[in-house]
Amino acid sequence: MSPLSGYLLLSALLFSIGLAGALTRRNAILVLIGIELMLNAANLNFIAFWRYGPNPAALTGVMFTIFSISVAAAEAAVGLSIILAVYRHSKSINLDAMNSMKG
Amino acid sequence: MPEIIDQIFVLLKHWLMGYVPSLLKPVVSAILSVVPVLLAFPLLFAITTVLERKGLGRMQNRYGPNRVGPFGFLQPMADGIKSLTKEDIIPRTADHLVHLLAPVVIVIASFLVYAVLPIGRNMVIANLNAGVLFFFAVGSMVELSVFMAGWSSRSKYSLLGAMRAIAQMISYEIPLVLASIVVIMAAGSLSTVTIVNLQATYTGIFPHWYVFTPWGLTGFIIFMIAATAESNRCPFDLPEGESEIIAGYYIEYSGFKFALFFLGEYLGMFATSAMAITLFLGGWAAPFSFLTWIPSYVWFFAKLLALICAFIWIRGTLPRLRMDQLMNFAWKFMLPLSLINIFAAGVWHYMPAGASRWLVVTLVIAVACVLLSRGLRRNQWFHVRTYRFAS
Amino acid sequence: MTISFFIIAAITIVGTAAAMSLKNLVHCVLSLTLGLVGLALLFLLLGAQFVGFTQILVYVGAVAILAVFAIMMTRSAEPMTNLPPASFRLSGVLIAATVFAVLAWAISSATRSLPSQSSQPEVSVNQIGVALMHQFVLPLEVIGVLLTAALVGAAILAMDETGASR
Amino acid sequence: MSVLTESTIALSSGPVTDPGASQLLEVSMGPQHPSTHGVFRMDVSLDGEQVVKLKPVFGYLHRNHEKIAENESYLGCMPYTDRLDYICSITNNWAYALAVETLAGIKVPERAEYLRVITGELTRLQNHASLVGFLMQDMGASGTPLMYAFREREKILDLFEALTGARMMCNYMRFGGCRVDAPAGWLQQAQKVIDAFPKFLDEFESLLRTNEILMARTQGVGRVSKELAINAGLTGPMARASGVNYDLRKVDSYGIYDRFSFRVPLGEFGDVYDRYMIRLLEMRESLEILKQAMREIPAGPIMDPGTKIRGFRPKAGEAYGRIEAPKGELGFYLISDGTGNPYRFRVRPPSLINLTVLEDMCLGRNVADIVIILGSVDIVLGEVDR
């Protein structure tokens, strides 16, 4: 097994863990965490491909990861504040309770 | 000869490394670098506790510790033995694992940041390319451990304290980072070693410390205020305000775990002070070129002690702020001022050297400072009052 | 495949798996932090120093704290009692396992065509800075706008409506 | 950053709260809490850090003072009054002595009146000094102002010790005068202390009077309007800080207070800063009184020779004696049935009455404000609980 495929397998595993979490849990915060985890698995892929890829000097993988981290941070901030707003409205952060779009 | 004394620790390590088989070299080298730091800073912690208690005692017309050892200087030993032998009380409803991990995390995080602090010429554990970033990244782990402590104790006071502490630390971390950006801009590097090396040059007898520029001075002041808040020291000691929420997030800790928190907190204070020295006060560099014969590490620790004394002095003088005032100060004054400071540093960089750029940059910062402080006080009506007397 | 890779990978997997399976939300966030620190260590192992530290700064210093605040504010720190039914959970795990199986098959079958160059690329913060300011200046600006929008949006969303009218 | 500051702090599981029942966090401040100055408890309901309800709970130090006094002789009650407000025992003695003197119609000799004024004003000085010190301590000033204040208090306590033999439980006054005359050289010693005192006040004010943090913390905090102060029956510095011109030394001119010229400082806003400053200013006025008293004190007896202290039996009747104690109006109400014990013994404790407006002052403020508001009321639990 080459080093690259090790990283790829690990990243696939992390992605699946995040996916399983997002699918099996009903707590909004946990689902958000699962999504963050999937995003991070993708980041690991970027870095691994950059490191073992043919042209590391291009820095594309690193750049993509930096942007992805900032997007993830923004996503977390907005996502959590949406959860807060929903909680204030329905007094629950269980996704099953958020079945109405009416205010 | 001064050269040898200056480099004695480095030479000693080289000499010792000569006897190590090449297979073990990386491990032994790391141990030889890390262990002195692990010894030096807890020792400084011990000295500082005595110094603080004696200093505060002087300010308050009392003696401070003077029973254990000469002038009470063995007091930390007695304190250490006491806290080691004390019963470790864990609240029945506490989350045991998290309760145990919190002090460990804070101490580990506090120790990790010393990896990038150059305590002398060629004396740094790891010359990281992104050293300053490492410092702030690891420093942010402290917030997590504070939360762990506050939440796992299952006490209202500790939770209130932890929430206060986290809100305060996050708010003041932003000015802290922004204040150091001016130095990174000027040095063109995130490596602490490079930053110090750049400051360790002299024009005539005067050094090139960043604090001797308008933006550097502003940055230094912002950094120190934010550092006071980051390390929960007076007047920003709300998270542990003993008259309000007793001891804040570590109210339910006793014995050795409490001592660990204490240690972690002081190590954090030393680390931020050391970072301020590294960024603004020339690190281990001597203040005048004719004083370079004094070893570099002596200068570093002298500057560190000076900053610690300033902390103690402030603690002995000022009352504590309130939460909303603290937040207002961080977001309405510190943050905009540090942003303007970055702008001023940019102006400095692109203007030709001379009196004109001194004037322009000083003016920019002074105007910003005045306007922001007026804005901060706009909705507040406090003033020194005069009193009337009944006839 | 060094030994450090396996140790760090184990930490990461344990942390993230615990984050997705523990009952207490605060424990979930704390173990997620462990997993993300492991991920940051992997980045360091791959030679991406800047990204690794940024990862710690953003995830441990900001996202984890934010999640913790959200948990405290929504009063969900108690262990969850009403878990979804077992069939629901099982189907979720099955889907994830299938996805992993497919990905793993794809990776293992593509191993031969994967590049295996292993010279450590030297990348300094300087280079990243220069690249950000020249090659990637447009994405950087967009990210700046995005972050500002997210900051304002999050603040407005989280603002107490009743508090504003009070 | 409303996310961080306007938070409603939720609680974890466990016995501390029932989740979801309410958004409020109930905190019990005290009875073992460093800010309560004794065993006093406040059940506080918090929304975030904002106080929405505050219930003072006291009585932890209740020792049946009034009932014990009814089973004591008139003289035997005197040492008990020391324990009311244990910071200023001499003024407690004075108020009780005044009540008994009114009851039995006893005259007090000239020199004793002067000694009473001198010791009473010294008591006021040390009470106010320690109060402002404690207030700064509550504000988090790390003990420095407190230690400065205690240094001065120590000098005054030394004077008390030289005069009465005790530092805090002085038991100094008797109906019809004082227990002992000032020993030789005591007045000179007291003069030295009084002369040195303004230096402390200057030092204290230069340390913290115009400090921005202090002003931001105290101005506008814990306001009591003039109307509320009058309606709630507040007295002493609390009432004067709200602008109520009520000082028993002027109103009643009990003893010989009409012979001294002094001013009564009045506050305008009735907030913590006013209460703090009023006390600093009152200390200067006390020094004025002391200077005059030291200058004018005559020689002579210190007890009315006709007064029978032991086996003292006033004729049946009732009397109320009140003085301006450092904390406010301290009154003793006595009913005599002609026997050697008071039939009814009632104390009007200023600390307790001043404490009644605590919730009004704290509502809508922060936890940090409660602490300094309570500190500015100046309570002593010995007097509140009795």
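A note on names: the letters A, B, ... follow the listed sequences, proteins ahead of strands, and every chain is numbered from 1.
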Shorter than 4.5 Å, heavy atoms on both sides: which option in V78(A), V71(A), I47(A) has the most such pairs with chain C? I47(A)

Should L45(C) and Y7(A) be marked as a side chain to side chain contact (heavy atoms under 4.5 Å, CB included) after you check the CA-CA gap, both sets of side-chain angles, and the distance that decides it? CA-CA 11 Å; L45(C) 207 62; Y7(A) 282 103; 3.4 Å; yes

Applying a strict 4.5 Å limit to non-hydrogen atoms, the region of F15(A) in contact with chain C is side chain

Could you have a look at G35(C), A106(C), A96(C), A131(C) and say which one has the most heavy-atom pairs with chain A under 4.5 angstrom? A96(C)

Check M20(C) against R25(A) and note the closest heavy-atom contact, atom names and distance. O-NH1, 2.8 Å

If I compare all heavy atoms of Q55(C) with all of N40(A), which pair ends up nearest, and what's the gap? NE2-OD1, 3.0 Å

Looking at chain A, which one of L39(C), V63(C), T54(C), V29(C) has the largest number of heavy-atom pairs inside 4.5 Å, strictly under? L39(C)

Among the options G21(A), A12(A), A20(A), pick out the one with the most heavy-atom pairs lying under 4.5 Å from chain C. A12(A)

Need one label for A67(C): side chain, backbone, both or neither, based on atoms under 4.5 Å from any heavy atom in chain A. both

Distance from R51(A) atom CZ to F43(C) atom CZ, nearest 0.5 Å? 14.0 Å

Taking side chain as everything from C-beta outward and backbone as N, CA, C, O, which of these in I82(A) sits under 4.5 Å from a heavy atom of chain C? Side chain, backbone, both or neither. both

Please give me the minimum heavy-atom distance between T24(A) and G92(C), naming the atom from each residue. CG2-CA, 3.9 Å

Check each atom of L37(A) against the heavy atoms of chain C and say whether the ones under 4.5 Å are side chain, backbone, both or neither. side chain

Value rounded to 0.5 Å, distance of CG in L25(C) from CG in N27(A): 4.5 Å

Most heavy-atom pairs under 4.5 Å with chain A, out of V142(C), L132(C), L94(C), belong to L132(C)

Do the side chains of L46(C) and L44(A) get nearer than 4.5 Å, heavy atoms only? yes

A quick test of your reading: do over 12 heavy atoms of other residues, nucleotides or ligands sit less than 6.0 Å from CZ of F100(C)? yes

Name the region of I66(A), side chain, backbone, both or neither, that has any atom closer than 4.5 Å to a heavy atom of chain C. side chain

Please name the pair of heavy atoms, one in G47(C) and one in W50(A), separated by the smallest distance, quoted to 0.1 Å. O-CH2, 4.0 Å

Give the member of L19(A), N43(A), I17(A), L14(A) that has the highest number of heavy-atom pairs under 4.5 Å with chain C. I17(A)

Please report the closest heavy-atom contact between L9(A) and I107(C), naming both atoms and the distance. N-CD1, 3.9 Å

On a heavy-atom basis, which atom in A150(C) and which in A74(A) lie closest, and how many Å separate them? CB-CB, 3.6 Å

To the closest 0.5 Å, what do you measure between OG1 (T16(C)) and CD (E36(A))? 13.5 Å

From L32(C) CG over to I33(A) CD1, what is the distance, rounded to the nearest 0.5 angstrom? 5.5 Å

Residue from L147(C), L90(C), V93(C) scoring the most non-hydrogen pairs under 4.5 Å with chain A is L147(C)

Nearest 0.5 Å please: distance from the CD1 atom of I156(C) over to the OG atom of S81(A). 10.0 Å

Gap separating the CD1 atom of I143(C) from the OG atom of S68(A), nearest 0.5 angstrom: 8.5 Å

Among the listed options T65(A), L59(A), T60(A), the residue most often paired with chain C at heavy-atom distances under 4.5 Å: L59(A)

Taking S91(C), A9(C), A19(C) one by one, which has the highest count of heavy-atom pairs under 4.5 Å against chain A? A9(C)

Side chain, backbone, both or neither: which part of L10(A) has an atom under 4.5 Å from a heavy atom of chain C? side chain

